[in-house]
2 protein chains.
Amino acid sequence: MAPHPPAPKSRRERPAKPALGHEVIVAAAVRIMRSEGLQRVTMRRLATELDTGPASLYVYLANTAELHAAVLEEFLGAVDLRPVTAPGDWRDRLASVLISYVGVLFDHPGLARSALVARPRGAHYLALLEGILALLDEGGVPAAQAAWGVDVLLQVATATAAEQSTRGEDAAAADDHSALARTLREAPAATHPRIAAIGEDLMSGTAEQRLRWTFRAVVNGALTTPRDPA
Amino acid sequence: MAPHPPAPKSRRERPAKPALGHEVIVAAAVRIMRSEGLQRVTMRRLATELDTGPASLYVYLANTAELHAAVLEEFLGAVDLRPVTAPGDWRDRLASVLISYVGVLFDHPGLARSALVARPRGAHYLALLEGILALLDEGGVPAAQAAWGVDVLLQVATATAAEQSTRGEDAAAADDHSALARTLREAPAATHPRIAAIGEDLMSGTAEQRLRWTFRAVVNGALTTPRDPA
DNA sequence: ACCTGAACACCGTTCAAGT
DNA sequence: ACCTGAACACCGTTCAAGT
């Protein structure tokens with residue numbers, strides 16, 4: 001245990017401060033995301049975590065949206081893509097993949113909201129896209145329709161997760177939801193005949209029931225709707 | 001022009017400070033929205049506009065999301081609902097209403113983003129809902145399917161406006177978009193055969209072309225997809 | 001080239017105190 | 001009841017200056 005000389009010139013502090021870089025920055029962001037939620041994944045909080053000033057992060061990230069997209073890309077690794085190659089009905093397998101995607105977003109409130117604005121484009125996202133396209137192809141959806149349809153499927157899934165997770169996040173959003181339900185229930189038939197006729201059904205079902213129907217409907221629509229109208 | 005006595009006790013300043021209230025607050029918010037954009041519709045900026053402190057606004061608004069929802073509700077008055085009662089193909093008229101809705105959101109960047117989270121529930125929103133439901137009914141979409149379908153249509157329209165208007169808003173988001181296009185173009189066929197096979201088509205078309213196809217596809221899907229799977 | 005201290009210009013929300 | 005000053009606890013981003 002001979003004491004080494006004071007380490008060649010390195011002025012080390014407590015835990016060896018890691019060199020900055022895209023990878024360590026995103027890793028730190030994911031850490032904060034897991035422990036404190038997306039609302040704490042800010043440039044300033046991240047800089048503190050990395051023991052530097054916020055300005056340093058701008059060498060690697062253009063803005064906060066890009067940071068959030070990078071975090072999302074990381075989390076997309078948790079989407080279960082096994083149904084893509086599993087046996088069984090292709091529609092059911094497609095729904096399973098999309099429900100898994102929604103689940104990942106739903107587990108991390110805030111992430112869905114950012115996904116609508118800054119789309120990721122990393123390996124995990126590409127794999128998800130590829131998987132959905134493979135299933136649509138297996139189901140015989142023409143390529144041109146699948147190309148646009150995959151976007152609709154992801155958009156609906158993401159938007160639903162955004163709404164849903166906001167509602168789970170804060171009480172005000174949940175109140176808002178029931179206030180809308182009440183408003184719809186109370187809409188007078190004289191001025192809003194269709195809303196009155198449909199009534200409760202406008203807000204019925206669980207999120208998953210609605211999503212599963214929506215996925216089936218969008219897939220059926222994509223399957224039967226040509227790109228160029230006659 | 002006999003000079004009146006100094007106004008009965010009222011300690012008036014420059015322009016008679018308007019009494020606070022939900023209506024004047026929303027009106028001021030709309031004014032700021034028009035002149036400075038949604039990113040300036042903040043509690044603090046609004047308080048300044050109304051010549052008071054931000055705390056005063058919390059008597060009338062629970063939070064910023066509610067404020068943004070109120071502003072959106074105001075702007076929804078600009079959606080063109082005339083196609084609902086016009087002659088012609090119901091699908092085309094439905095698409096026109098939805099395109100008008102997207103247009104309103106698109107003209108006011110940021111509004112669409114907030115619409116995904118805090119849904120409005122005022123008269124303008126109800127009228128939009130009623131109009132879409134009337135058209136779906138005219139087209140013979142079963143009520144149960146229309147009830148859930150209207151949500152999908154509005155969600156897709158809103159999400160598209162959110163993406164699109166973010167892209168128009170700042171250059172970074174636009175770069176992001178072309179970066180995604182490049183990533184997709186360069187995806188190797190060995191690992192991503194479907195992406196490679198479809199290629200350019202994944203990002204092809206104008207926003208309006210894609211939206212019109214999407215609306216048709218969703219409507220067709222809603223028309224033919226029963227709520228309870230066999 | 002890479003990194004950063006410090007500053008600029010803001011935020012939402014709460015709460016004790018006033019009228 | 002309604003309103004508010006002041007405070008608490010933060011933000012994103014830029015830029016001149018350092019290494």
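The chains referred to below are lettered A, B, ... by the order of the sequence lines, with proteins before strands, and numbering in each begins at 1.
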Where the side chain of [X] is concerned, which of [options] is the nearest nucleotide?
X       : options               : answer
A:Ala55 : D:dC15, C:dT13, D:dT4 : D:dC15
B:Arg40 : D:dC3, D:dA6, C:dC10  : C:dC10
B:Leu20 : D:dC3, D:dT13, D:dG12 : D:dC3
B:Met43 : D:dC3, C:dT4, C:dG12  : C:dG12

Exercise for review: May I ask you to say what A:Ser56 touches in the nucleic acid, namely base, sugar-phosphate or nothing, with a heavy-atom cut-off under 4.0 Å?
Suggested key: base
Without decimals, in angstroms, what is the distance between [X] [atom1] and [N] [atom2]?
X       : N      : atom1 : atom2 : answer
B:Leu57 : C:dG12 : CG    : P     : 10 Å
A:Arg45 : C:dC11 : CZ    : P     : 24 Å
A:Asn63 : D:dC11 : CG    : P     : 17 Å
B:Arg44 : C:dG12 : CZ    : C1'   : 7 Å
A:Leu46 : C:dT4  : CG    : P     : 13 Å
B:Tyr60 : D:dC3  : OH    : C1'   : 8 Å
A:Tyr58 : C:dA6  : OH    : P     : 18 Å
B:Leu61 : C:dC11 : CG    : P     : 16 Å

Exercise for review: Answer yes if the side chains of B:Thr183 and A:Tyr125 hold a donor-acceptor pair under 3.5 Å, and no otherwise.
Suggested key: no
Check your understanding: Going by atom types alone, do A:Gln155 and B:Gln155 pair a side-chain donor with an acceptor below 3.5 Å?
Key -> no
Point to revise | Separation between the P atoms of C:dA9 and D:dC10, rounded to whole Å | key: 23 Å
Point to revise | Parallel, tilted or perpendicular: rings of B:Trp148 and A:Trp213 (30°, 60°) | key: perpendicular
Exercise for review: Any chance you could lay out the salt bridge (charged side-chain N to carboxylate O under 4.0 Å, His left out) test for B:Glu73 and B:Arg121, step after step, and finish with the verdict?
Suggested key: CA-CA 7 Å; B:Glu73 163 56 27; B:Arg121 56 168 187 282; over 6 Å; no
Exercise for review: Determine: side-chain N/O of B:Thr64 to OP1/OP2 of C:dT13, distance under 4.0 Å, yes or no.
Suggested key: yes
Review point. In Watson-Crick or G-U wobble terms, both distances under 3.5 Å, what is the partner of C:dC2?
Key: D:dG18
Review point. Taking a pair as Watson-Crick or G-U wobble with both distances under 3.5 Å, which nucleotide is matched to D:dT13?
Key: C:dA7
Point to revise | Note: B:Asp107-B:Arg34 ion pair, threshold 4.0 Å (strictly below) | key: no
